[in-house]
2 protein chains.
Amino acid sequence: MERRRSEKIAQDLEEAIFDGTFADGARLDEVRLAREFGVSRTPLREAIQRLALSGLVELIPRRGAFVRQPGLAELMEMFEVMAELEAVCARFAALRISDAALLELRDANAKCLAAVEARDADAYYFENERFHKTIYRESGNAFLEEETLRLHRRLKPFRRQQLRFRGRLTQSMAEHEAVVDALEAGDAGTAAARLREHVAVQGEKFHDLRMSFRSAAE
Amino acid sequence: MERRRSEKIAQDLEEAIFDGTFADGARLDEVRLAREFGVSRTPLREAIQRLALSGLVELIPRRGAFVRQPGLAELMEMFEVMAELEAVCARFAALRISDAALLELRDANAKCLAAVEARDADAYYFENERFHKTIYRESGNAFLEEETLRLHRRLKPFRRQQLRFRGRLTQSMAEHEAVVDALEAGDAGTAAARLREHVAVQGEKFHDLRMSFRSAAE
DNA sequence: CCCCAAAATCTTGTATACAAAATGCTTGAC
DNA sequence: GTCAAGCATTTTGTATACAAGATTTTGGGG
């Protein structure tokens, strides 16, 4: 826990932006939010600054902070980079992964599959995250792990919507298993390619989803 | 230019940290720096926060901000990631690069080579940066471009020391040309591999350099 | 009736004042 | 003499007050 007030406020605001409480382009009124959080403007400004550096809000001098939701094109780009980063993690991990981590990946997948069959969305997400984060960690490069986690967090709210696709989940599990097979075999190229494809498909599915949303809404 | 005071202070502090004005672990005294910059603590704190989010300083609650120079191990990791990011840029660029950009790459290389022969270090760095940044841009993924630029900036002070290696520069130019050849041919795999190797070598050379510094200093 | 300009208001950016916490120093006891 | 406890000092975190710029509103003129 850092300086807890501005830290917590930043998290809350982030959540609110992800929730869609703040629409794209909405202005973050400092005094209003300060009242709402029951603090002065100072910690709130620090929180806003933090969000600005994360790219969630745009800071216009003397004008204020405006929510900056990524558009569809930018999201596709982010998913593309996510796929590449995970592929790099997999490539490194194929050479460096420990036996214990391989067991953890198998375990996460087993529990993930169980969650799918039990229709337990929360458990599915938890185990799915454990799977991916384990690969980041086993890349053996702490900086890469951190950067990949950063993007993972940023894309989290958009990834979440994919549960709506029936049948995608079991397919996803099969892809996970194939990745682990390649990692176990120490086949860096295959592991990278499979994980890249696995994540890229998420981006594409997301694309479809957004499109259907758009046409349904307007 | 954002809120210019805290923005400028952050840049100055960043520069000072890179220069080695602040040693690793040094505390950034708010009141002292505020006096030094002739501002109050408020904009200075915002600048420090910014640096903290960039990872240049560590913020310990109720203790203060401490300069956090990356150690050798972390730097190697960062160069490793840099090589991978640039490789991804090259892979994308191979499919998307424009003829104009290819000409720009050749032009940058030519001027770079001229700078080497003229022993013009500044010109060399300028053109070298132009070369790499052009490839980032031609990846056709603005988000990837931005993220790669971020890491590029962060590694800049450490890359700068490589001029000391005689003979490395002409070799480096040859590698650049080979990368452009692959891009021109649209050979994504080769372009990626060559650029990855080019950047990875920088990291290794840097490693050697630091080692020699260490043994010389202590 | 509309448009332009000036003033008033609102909001951000900065400074200062205050509170809380941590560190270090001093003093006292064993 | 040393260790511990309490107090003082220093420093961060927060609140509030002040200044500067931007926007909006109002009033006057065309």
Side-chain angles (χ1 to χ4, degrees), chain A residues 1-70, chain B residues 1-70:
Chain A
M1 302 300 133
E2 224 153 320
R3 278 114 63 265
R4 58 198 168 291
R5 268 195 255 267
S6 63
E7 177 85 2
K8 193 192 181 312
I9 290 171
Q11 282 182 355
D12 287 358
L13 283 179
E14 201 175 299
E15 193 70 25
I17 290 174
F18 287 157
D19 285 2
T21 306
F22 297 105
D24 185 55
R27 193 174 70 87
L28 296 179
D29 190 331
E30 292 181 2
V31 293
R32 198 177 104 80
L33 290 173
R35 263 207 317 270
E36 209 163 310
F37 280 99
V39 297
S40 99
R41 277 178 54 214
T42 310
L44 198 125
R45 279 178 62 86
E46 293 188 354
I48 285 179
Q49 290 232 339
R50 176 170 301 221
L51 296 185
L53 291 187
S54 318
L56 274 80
V57 306
E58 193 175 2
L59 238 51
I60 300 178
R62 294 278 175 198
R63 290 289 310 276
F66 297 87
V67 175
R68 195 184 158 292
Q69 296 278 17
Chain B
M1 303 304 128
E2 224 152 320
R3 279 112 65 266
R4 59 196 169 291
R5 268 195 255 266
S6 64
E7 178 85 2
K8 195 194 179 311
I9 291 172
Q11 281 182 356
D12 287 358
L13 284 179
E14 199 174 300
E15 193 70 27
I17 289 173
F18 287 157
D19 285 3
T21 306
F22 298 105
D24 183 56
R27 193 173 70 88
L28 295 179
D29 190 332
E30 291 181 1
V31 293
R32 199 178 104 79
L33 290 172
R35 265 207 316 269
E36 209 164 309
F37 279 100
V39 298
S40 98
R41 278 176 55 212
T42 311
L44 199 124
R45 279 177 63 85
E46 292 189 353
I48 285 180
Q49 292 232 336
R50 175 170 303 221
L51 296 184
L53 291 187
S54 318
L56 275 81
V57 306
E58 191 176 4
L59 238 50
I60 301 179
R62 294 278 175 196
R63 290 291 310 275
F66 297 85
V67 176
R68 194 184 160 294
Q69 296 278 16

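In this text, all values refer to a predicted model and were calculated from it rather than measured experimentally.
A salt bridge links B/E7 with B/R50; the closest basic N to acidic carboxylate O contact falls under 4.0 Å. Salt-bridge formation is detected for the pair B/R32/B/E36: a Lys NZ or Arg NE/NH1/NH2 atom is positioned less than 4.0 Å from an Asp or Glu carboxylate oxygen.
At least one side-chain nitrogen or oxygen of B/S40 sits closer than 4.0 Å to the OP1 or OP2 atom of C/dA15. In this model, the phosphate group of C/dT12 is not approached by any side-chain N or O of A/R63 to a distance below 4.0 Å at OP1 or OP2. In this model, the phosphate group of D/dG13 is not approached by any side-chain N or O of A/R5 to a distance below 4.0 Å at OP1 or OP2.
Toward the 5′ end of DNA chain D lies the nearest nucleotide of A/G38, the other residue of the pair A/G38 and A/R62 mapping further downstream. When each of B/E30 and B/T42 is assigned the nucleotide of DNA chain D with its nearest heavy atom, B/E30 is the one assigned upstream, toward the 5' end.
Using a 4.0 Å heavy-atom distance criterion, B/V31 is classed as making no nucleic acid contact. In this structure, B/R27 reaches the sugar-phosphate backbone alone: every heavy-atom distance under 4.0 Å involves primed, P, OP1 or OP2 atoms, never a base. As judged by a 4.0 angstrom heavy-atom cut-off over every strand, A/R45 is placed among the base-contacting residues.
As rounded to whole Å, 10 Å separates atom P of D/dA15 from atom CG of A/L44. Separating the CZ atom of A/R35 from the P atom of D/dT16 is a distance of 13 Å, rounded to the nearest angstrom. For the pair B/E46 CD and C/dT14 P, the computed distance is 7 Å after rounding to whole Å. For the pair B/I60 CD1 and D/dT11 P, the interatomic distance rounds to 16 Å; values are reported in whole Å. In this structure, CG of B/L59 is placed 11 Å from C1' of D/dG13, rounded to the nearest angstrom. Nucleotide D/dT11 holds its P atom 12 Å from the CG atom of B/L33, rounded to whole Å. We find that CZ of A/F66 is positioned 12 Å from C1' of D/dT23, with the value rounded to whole Å.
A donor-acceptor contact under 3.5 Å is formed by the side chain of A/R41 with the base of C/dG13.
Contact between A/G25 and A/F66 at its shortest, heavy atoms only, is O-CD2, 3.5 Å. Closest of all the heavy-atom pairs between B/R45 and B/E30 is NH1-OE2, 2.9 Å.
Comparing D/dT14, C/dT14, C/dT11 by their closest approach to the side chain of A/P43 singles out D/dT14.
Side chain of A/Q69 to backbone of A/I17: a donor-acceptor contact under 3.5 angstrom is found.
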